[in-house]
Number of protein chains: 2
Amino acid sequence: MATLSDVARKAVVSKMTVSRVINHPEQVSAELRQLVYKSMKELNYVPNSAAQALVHNRTQVIKLLILEEMDTTEPYYMNLLAGIAIELDQRHYSLQLVTRSSHTIGRCDGLIVTGMRETDYDHIISHLEQPLILFGENKKGYDYVDVDNKKGMQMVTEHILNHGCQKILFYGIEIDEPFMRSRIEGYEETMKMKQLLPQINLMKNSSHIAQFEAEKVLQKNHERIAFVCASDRLGIGVVHAAQRLGLNIPDDVMVTGFDGVFLDRIAQPKLTTIRQPIVEMGKTCAKLLLDKIDQDGMKQGNRIYKPELIIRNSTTT
Amino acid sequence: MATLSDVARKAVVSKMTVSRVINHPEQVSAELRQLVYKSMKELNYVPNSAAQALVHNRTQVIKLLILEEMDTTEPYYMNLLAGIAIELDQRHYSLQLVTRSSHTIGRCDGLIVTGMRETDYDHIISHLEQPLILFGENKKGYDYVDVDNKKGMQMVTEHILNHGCQKILFYGIEIDEPFMRSRIEGYEETMKMKQLLPQINLMKNSSHIAQFEAEKVLQKNHERIAFVCASDRLGIGVVHAAQRLGLNIPDDVMVTGFDGVFLDRIAQPKLTTIRQPIVEMGKTCAKLLLDKIDQDGMKQGNRIYKPELIIRNSTTT
DNA sequence: TTGTAGGCGTTATCAA
DNA sequence: TTGATAACGCCTACAA
């Protein structure tokens with residue numbers, strides 16, 4: 001692999017001139033600049049990032065801290081990761097995955113944190129000195145990236161109402177975190193606005209639990225009913241329940257999910273859902289973080305994505 | 001962050017002694033060694049890997065080259081990645097994700113390659129000079145990690161035969177790669193051994209396509225029938241087909257999947273499947289690769305995992 | 001067994 | 001505008 005010196009020798013200039021052409025090209029005369037570019041190309045020069053990291057006291061490593069259990073890891077994450085990785089690669093950073101079990105965080109230039117619970121702030125997050133970006137809304141003032149959860153749930157609830165169903169149950173995940181509270185709010189407010197009674201049922205994020213719960217409800221129910229779910233996984237469970245009882249989707253039972261990553265398409269019928277642009281959001285996490293690092297840890301604010309309603313056969317024919 | 005010099009100063013020894021305690025502890029007297037350990041602990045010393053990388057002409061970066069389309073990315077990958085990441089972190093390497101679209105591979109110490117097609121050998125793989133490990137069997141002599149695909153399909157086919165069903169169809173993925181050929185072989189040989197007619201149907205790895213195909217078959221069929229599928233995704237499609245036609249699983253129709261990552265548990269009923277220990281396999285990929293790097297690219301051979309038959313309600317009650 | 005000198009590839013600083 | 005020098009943190013080679 002060619003080094004700065006190789007390029008310098010070939011162009012018959014000093015190493016510094018080459019370095020300048022790379023970092024402050026405007027400080028170099030056009031003539032030499034062209035000469036250096038030519039040599040770089042010929043030698044196929046790529047800067048050695050270890051050396052750069054050393055001078056700048058950087059690691060060029062970003063850690064992704066996944067605080068959710070591996071068990072609950074949904075397809076979801078792969079997309080987040082893909083987004084993050086694409087952006088990091090472009091800016092010559094690399095990635096390390098850290099889970100709750102890794103006891104020590106180790107060296108890095110910054111962190112992206114996801115799957116965080118309330119208690120993690122004190123135990124983990126507040127001890128970190130590196131810049132960080134959270135994936136998922138929070139009320140503690142940390143910079144974050146998320147979709148507008150409340151708006152999403154409003155959209156999907158209104159969609160059901162517009163299709164002539166007034167009995168709407170909410171199936172959510174039993175977890176006291178902001179993203180969940182926002183989704184509940186979105187549902188609740190929409191229902192109250194129409195003078196309808198919100199019915200909220202929280203459970204573990206498992207398709208089998210959702211199925212079990214929904215079967216109980218459907219056995220007693222005799223009118224048209226809808227389940228708006230806070231995840232596609234719960235949505236799939238409800239679909240199974242309806243099918244087991246021989247009910248028609250969407251005529252007897254309407255079902256919606258949330259996420260729009262993979263599972264919505266696996267369901268049969270496919271799920272109406274709120275799609276989160278996860279890959280995009282991953283890229284944004286990385287972008288924000290790298291900018292934050294470049295700006296010496298300055299606050300970057302939040303990035304809140306507009307949710308997208310994907311209408312499928314679980315609510316319409 | 002503390003450096004070698006800091007530790008040396010604190011322990012009142014030279015930098016070299018500290019370096020030796022880390023890399024060749026046996027060359028240092030017990031007395032000094034303890035002193036140095038103590039100082040390291042007190043200063044919370046962690047070696048600067050950029051500096052190490054620089055001296056050793058390493059990058060400390062491993063790339064994971066994912067040649068499959070993002071679209072077909074299954075939950076599967078997250079587990080592979082998790083395994084790889086755990087091992088890399090322990091050995092102070094970091095990771096970069098590269099997809100087909102990244103035009104240049106860039107600097108790294110080694111690669112793990114997955115989702116490769118026949119044509120990629122010439123176009124991509126053969127141009128790489130870094131050590132590499134493939135995830136997935138191949139006949140070109142590259143070191144790889146995989147599950148015994150043939151054995152897995154034999155196990156699951158025999159399982160069906162033992163449960164009194166002789167009409168067994170194979171649903172596979174329409175892709176001419178070794179892993180698929182092995183799974184087909186496993187099915188074919190088991191059937192032939194019992195003098196039964198193998199029936200092989202290849203299609204895109206999509207639950208909806210599998211459902212479509214299975215419905216066609218089931219409409220004409222009037223005996224007990226089983227579908228052994230080459231992925232859980234196909235298996236889910238067959239389950240949907242049976243349900244749409246009001247058939248009972250497993251009494252009328254038996255279904256099996258392959259992979260045992262996430263989707264098998266989402267299905268209702270849960271799928272009998274061949275579980276691949278993906279996290280473990282990911283760790284092994286990383287381990288093999290790092291060893292290969294340490295041994296200057298020496299051939300490491302293959303690691304073939306025993307498949308595990310997970311019996312669930314899609315074949316038994 | 002321990003320490004000194006030099007170098008890995010890059011960049012900031014200062015001098016020309 | 002350009003170049004020489006020193007420094008980043010660590011390790012190899014050699015010397016004591």
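Proteins come first, then strands; the chains are lettered A, B, ... in the order of their sequence lines, and each starts at number 1.
- Taking the charged nitrogens against the carboxylate oxygens, Asp176(B) and Arg181(B) do have a contact shorter than 4.0 Å, which makes a salt bridge.
- For the pair Asp109(A) and Lys292(A), the salt-bridge criterion is not met [side-chain N within less than 4.0 Å of a carboxylate O].
- Between the side chain of Lys63(A) and the main chain of Ile105(A), a donor-acceptor pair closer than 3.5 Å is present.
- Checked against salt bridge (Lys or Arg N to Asp or Glu O under 4.0 Å), Lys287(A) has no partners two or more places apart in sequence or in another chain.
- If you walk DNA chain D from 5' to 3' and mark each nucleotide with an atom closer than 4.0 Å to a heavy atom of chain A, the marks span dT1(D) to dG9(D).
- Under the 4.0 Å criterion applied to side-chain N and carboxylate O atoms, Glu177(B) and Arg117(B) are not assigned as salt-bridge partners.
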What string of B, S and - do you get for nucleotides 2-9 of chain C, 5' to 3', if B is base contact, S is sugar-phosphate-only contact and - is no contact with any protein heavy atom under 4.0 Å?
BBB--BBB
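- Separation of atoms CG (Asp120(B)) and NZ (Lys140(B)) is listed at 10.5 Å; rounding is to 0.5 Å.
- Judged by distance alone, the side chain of Arg107(A) and the main-chain N or O of Val46(B) form a donor-acceptor pair under 3.5 Å.
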